[in-house]
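For reference, the structure discussed in these notes is given below.
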Amino acid sequence: MICLYLNEKITFKRLKRLDRKSIYYAVDTKAQQTLQKQLECQKVTRQHNRRTKKILDQEKRYKLHQAKKIQKHKGH
């Protein structure tokens, strides 16, 4: 167990409690692990889609802006 404070001595009871807590939260079932992986994949794809959509939107705005600028300077 890692000591949180270097100067502070961790008592035996606290050490056992922290160990028990770390073991309790570390154990997952296979179903929970697969769900967690699935959620992570969905999160990554969502972020990727959001980024690509933002980039495409910026390109679309830029092209529109350029077209307007060309139209302005074309003359009558």
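No experiment lies behind these values; they were computed from the predicted model shown.
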*So which heavy atom on Leu15 is nearest to which on Ile10, and how close?*
N-CG2, 3.8 Å

*Measuring from Gln71:CD to Leu64:CG, what's the distance to the nearest 0.5 Å?*
11.5 Å

_Quick test of your reading: applying side chain to side chain donor-acceptor pair (under 3.5 Å), list the pairs with at least one residue in residues 43-60, sequence neighbours left out, ordered by first then second residue._
Asp57-Arg61

*What's the spacing between His65 NE2 and Ile70 CD1 if we round to 0.5 Å?*
10.5 Å

*If you measure from CD on Gln33 to CG on Leu35, what distance do you get to the nearest 0.5 Å?*
10.5 Å

*Just how far is it from atom CD of Gln66 to atom NZ of Lys68, taken to the nearest 0.5 Å?*
12.0 Å

